[in-house]
Amino acid sequence: MKTRAFRLTDSQSHQVKELQPVDKGHLKFYSCGPTVYSYAHIGNFRTFITADLIVRTAEALGWKVSYVSNITDVGHLTQDDMADAGGEDKMEKALKSKEGEAFANVWELADHYGNAFKSDWKRMNLRLPMVWPKATQHMREQILAVEELIDKGHAYETPTGVYFNVSSFEDYGKLSGNRDQDQLYRGVREVVTDENKQHPSDFALWKKDEKHLMQWFSPWGWGFPGWHIECSVMAMRYLGETLDLHAGGEDLIFPHHECEIAQSETLTGKPFANHWIHTRFLQVDGEKMSKSKGNFYTVRGLVDEEKVDPLALRYALLAVPYGKPLNFTRQSLRDAGQNVERFKECDRLADSAIQKGKEGDDGLGKTLNDLYEQALDAMCEDLNTSVAIAKALEGTVAIFKAGDSMSKVDGEAAKAYLTKINALLGIVRPDYEAEETATGPAVDETRVQNLIDERNAAKKAKDYARADQIRKDLDAEGIELRDTPEGTVWRLKSV
RNA sequence: GGCGUCGUACCCAAGUGGCUAAGGGAACGGUCUGCAAAACCGUCAUGCAGCGGUUCGAAUCCGCUCGACGCCUCCA
């Protein structure tokens, strides 16, 4: 295998630079996960897919990957910690909402959405992290970290909590560019802040709150941790004091990641992460998607209710490189579905060629291998998924050209190619067994097969009107028929 | 007010100084098929928001104009 550099845009320098693990060939990677107060939407998953593609590319390069993705289940307030008068914990707010009525308490709610998230994760063909740490499971470490920050003189206690003194950390703003903390508040319509804080930019490490539904006892009394401290603590707990790479959505650059840097580097005196990358937001029909606008799609809604092929959804979410805004539309989902079908069709063609066992070798393997190498090159160049997909699709043209007369050797080469493309992009085959889904009627396969048999009998009898009627009826149900040399096959039409 | 991104065909999108401006979707014509579907073949941007400039040479660099968008405020 030729040696390749894996290059990614670093959010701090805005330059594309080589990702170089401190331990050569062993990537220590932390990716910010969701706050589990609701079902994750496709925008969340664009970010998680970016992380997934990094893991897959690193694996393709033969690296070992220590991959951690957290689950936030406490401490994420509805209002920023900077202006934290009146901020409400997202988990508590969700419990009070209409959907929250189904849960006995906030712990159950967190558990439910956390599990739903993990199930969506698998359906989107995402690599499993080494660990999925939860904020609530690392309370002791968080409290210890806050104590240490106070001891070191970088944090102070007020009647409402413990705050990090931003002016005590010289590098504050190095990631986001928000260097001048006073400038930040000029032109902002209203600054609501805790009057006990020394500066509006100081952020909460611990909130005192005896009424909070999730609370722990600390040296500062009952309360709960601030949102930022969990990631610092869990990242360092599992991956060490300096990460090779830290990823997240673009909204997390400030304040979340800026605060993580301030806390972590103050604690260790070492760089927190050598490389930062951020996935740009997804838009829907040219508009920003957000919960407050209500124009958002969830994985569950599309896959369970609308029967969209999860692989098509994944394809649509990764077709545009992570550094550019992606405009998600019904059209983009249809395009994605078409191409995913091409891969699947090639997979069937390769299986059939292997089964037929025809002799010969038309050199398909060489062509496909070159294309795979080019696809991997594209992924190593800042995850250029557009080019990687283009190369992957060129491979399908080569496979289709070989067609039904493909030899066994070429069939095996095609199969191996698709396996490698799938390992890199995850858009050919599902990597996990399908889980039972509660919603939607299952297709009665026996009934469909009976109708196909009836249609074939009608065709044989040259009763084409009857044959076409059966095909038309099934099509109306969303089942598409296709007559192939191996017989009639059917598939569910997605979207 | 601060920080940042982008404008390439009907749609998505690659290309960041130099061969014919990748690839996909849609559309149209053809082959195959009882007819379809899938597949294959062919057609589909003398031009890259506009205007200037630099250069032997620019979609690519510089300036201005117009337009779209993101973060700083709930969000990945």
Side-chain angles (χ1 to χ4, degrees), chain A residues 11 14 31-35 37-38 40-51 76-80 82-83 87-88 90 93 173 176-180 182-192 247-256 258 278-283 286-293 296 315-316 319-321 323-329 331-332 334-339 341-342 345-346 348-349 374 378 384-394 396-397 399-401 403-404 459 462-465 467-468 471-472 475 480-484 488-491:
Chain A
S11 326
H14 298 288
S31 171
C32 274
T35 303
Y37 61 98
S38 180
H41 56 71
I42 60 173
N44 297 112
F45 274 94
R46 185 184 191 206
T47 298
F48 307 146
I49 286 171
T50 301
H76 194 168
L77 302 181
T78 54
Q79 285 182 30
D80 185 356
M82 288 194 301
E88 191 178 6
K90 287 188 178 181
K93 192 184 174 196
S176 61
N178 292 327
R179 284 283 189 178
D180 182 345
D182 295 322
Q183 177 64 260
L184 203 56
Y185 294 96
R186 255 172 242 149
V188 172
R189 50 178 192 266
E190 185 185 10
V191 180
V192 184
E250 65 169 323
D251 58 317
L252 298 182
I253 296 172
F254 191 87
H256 187 54
E258 197 72 65
H278 292 93
T279 304
R280 296 225 40 189
F281 268 128
L282 166 132
Q283 297 186 305
E287 271 204 305
K288 183 179 170 178
M289 175 166 105
S290 69
K291 287 184 179 164
S292 52
K293 275 192 182 169
F296 68 94
Y315 184 116
V320 178
K324 294 183 87 175
L326 164 73
N327 187 19
F328 181 85
T329 61
Q331 183 63 49
S332 69
R334 275 193 291 272
D335 291 357
Q338 292 284 345
N339 286 328
E341 273 310 312
R342 275 184 79 82
E345 195 61 34
C346 278
R348 287 190 278 266
L349 196 58
Q374 289 171 36
N384 193 336
T385 47
S386 300
V387 170
I389 287 173
K391 294 304 168 189
L393 285 169
E394 282 181 41
T396 64
V397 173
I399 293 169
F400 278 128
K401 273 185 183 167
D404 290 322
K459 274 171 68 181
K462 292 204 167 20
D463 181 0
Y464 295 123
D468 290 348
R471 185 169 65 197
K472 204 176 146 196
D475 190 79
E480 188 178 78
L481 296 188
R482 197 149 82 223
D483 298 327
T484 74
T488 304
V489 296
W490 63 274
R491 71 172 185 100

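A note on names: the letters A, B, ... follow the listed sequences, proteins ahead of strands, and every chain is numbered from 1.
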In whole angstrom, what separates [X]'s [atom1] from [N]'s [atom2]?
X: A:L326; N: B:A76; atom1: CG; atom2: P; result: 17 Å
X: A:H278; N: B:C72; atom1: NE2; atom2: C1'; result: 14 Å
X: A:E341; N: B:G25; atom1: CD; atom2: P; result: 12 Å
X: A:R280; N: B:G7; atom1: CZ; atom2: P; result: 11 Å
X: A:E258; N: B:G2; atom1: CD; atom2: C1'; result: 14 Å
X: A:I253; N: B:C3; atom1: CD1; atom2: P; result: 15 Å
X: A:F400; N: B:G24; atom1: CZ; atom2: P; result: 12 Å
X: A:Q374; N: B:G15; atom1: CD; atom2: C1'; result: 15 Å

What nucleic acid atoms does [X] come within less than 4.0 Å of, heavy atoms only: base, sugar-phosphate, or nothing?
X: A:T329; answer: nothing
X: A:L282; answer: base
X: A:G248; answer: sugar-phosphate

Does [N] have a Watson-Crick or wobble mate here (both distances under 3.5 Å), and if so which one?
N: B:A39; value: B:U31
N: B:A26; value: none
N: B:G1; value: B:C72
N: B:G52; value: B:C62
N: B:C6; value: B:G67

Contacts of type side chain to side chain donor-acceptor pair (under 3.5 Å), residue [X], not counting sequence neighbours:
X: A:T47; value: none
X: A:Q374; value: A:K391
X: A:T385; value: none
X: A:T488; value: A:N456, A:D483

5'-most contact on RNA chain B: A:S176 or A:N327, nearest heavy atom basis? A:S176
Side-chain N or O of A:K324 versus OP1/OP2 of B:G70: is the shortest distance under 4.0 Å?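 No, no such contact exists.
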Can you tell me how far [atom1] in [N] sits from the matching atom in [M], rounded to whole Å?
N: B:G42; M: B:C32; atom1: C1'; result: 15 Å
N: B:A49; M: B:C69; atom1: C1'; result: 15 Å
N: B:U55; M: B:G17; atom1: C1'; result: 9 Å
N: B:G4; M: B:A38; atom1: C1'; result: 45 Å
N: B:C64; M: B:C72; atom1: P; result: 28 Å
N: B:C48; M: B:A39; atom1: P; result: 33 Å
N: B:C3; M: B:U65; atom1: C1'; result: 23 Å

Salt bridge or not for A:E341 and A:R491, using N-O below 4.0 Å? yes
For A:D475, is there an ion pair with A:K472 - N to carboxylate O distance below 4.0 angstrom?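 So A:K472 does not pair with A:D475 through a salt bridge.
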Excluding sequence neighbours, so at least two apart, what forms ring-ring contact (aromatic ring centres under 6.0 Å, His included) with A:H76? A:W227
Considering residues at least two apart in sequence or located in another chain, which fulfil the ring-ring contact (aromatic ring centres under 6.0 Å, His included) criterion with A:Y315?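 Per chain and number, A:Y315 pairs via ring-ring contact (aromatic ring centres under 6.0 Å, His included) with no residue.
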Sequence neighbours left out, what passes salt bridge (Lys or Arg N to Asp or Glu O under 4.0 Å) with A:R46? Give chain and number order.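 Salt bridge (Lys or Arg N to Asp or Glu O under 4.0 Å) check on A:R46 returns nothing, list empty.
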Does A:D404 have any salt bridge (Lys or Arg N to Asp or Glu O under 4.0 Å) partners at least two apart in sequence or in another chain, and if so, which? none
Apply side-chain contact (heavy atoms from CB on, under 4.5 Å) to A:F400 and list each qualifying residue two or more places apart in sequence or on a separate chain.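 A:F400 satisfies side-chain contact (heavy atoms from CB on, under 4.5 Å) with A:R342, A:E345, A:C346, A:L349, A:T396 only.
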Closest heavy-atom contact between A:E250 and A:H278? CA-CB, 3.9 Å
So, for A:A316 and A:S332, which heavy atoms are closest and what is the spacing to 0.1 Å?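 Taking A:A316 first and A:S332 second, the nearest heavy atoms are CB-O, 4.1 Å.
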Write down the protein N/O and nucleotide N/O pairs, taken from nucleotides 34-37 of chain B, whose separation is under 3.5 Å; answer none if there are no such pairs.
unit_1	atom_1	unit_2	atom_2	d
B:G34	N1	A:D468	OD1	3.0
B:G34	N2	A:D468	OD2	2.7
B:C35	O2	A:R471	NH2	2.6
B:C35	N3	A:R471	NH1	3.0
B:C35	N3	A:R471	NH2	3.4
B:C35	N4	A:D483	OD2	3.4
B:A36	N6	A:D483	O	3.4
B:A36	N1	A:D483	N	3.1
B:A36	N3	A:R471	NH1	2.9
B:A37	N1	A:D483	O	3.4

If we ignore hydrogens and angles and just use 3.5 Å, is the side chain of A:S176 paired with the main-chain N or O of A:N178 as donor and acceptor? yes
If you check every side-chain atom of A:N339, which of B:G25, B:A76, B:U5 has the closest atom? B:G25
With the side chain of A:P321 defined as its heavy atoms from C-beta on, choose the nearest nucleotide among B:G4, B:A13, B:G25.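 Closest of the options to the side chain of A:P321: B:A13.
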Every protein N/O lying under 3.5 Å from an N/O of nucleotides 26-33 of chain B:
unit_1	atom_1	unit_2	atom_2	d
B:A26	OP1	A:Q338	NE2	3.4

What's touching nucleotides 19-23 of chain B from the protein side, N or O pairs under 3.5 Å?
none

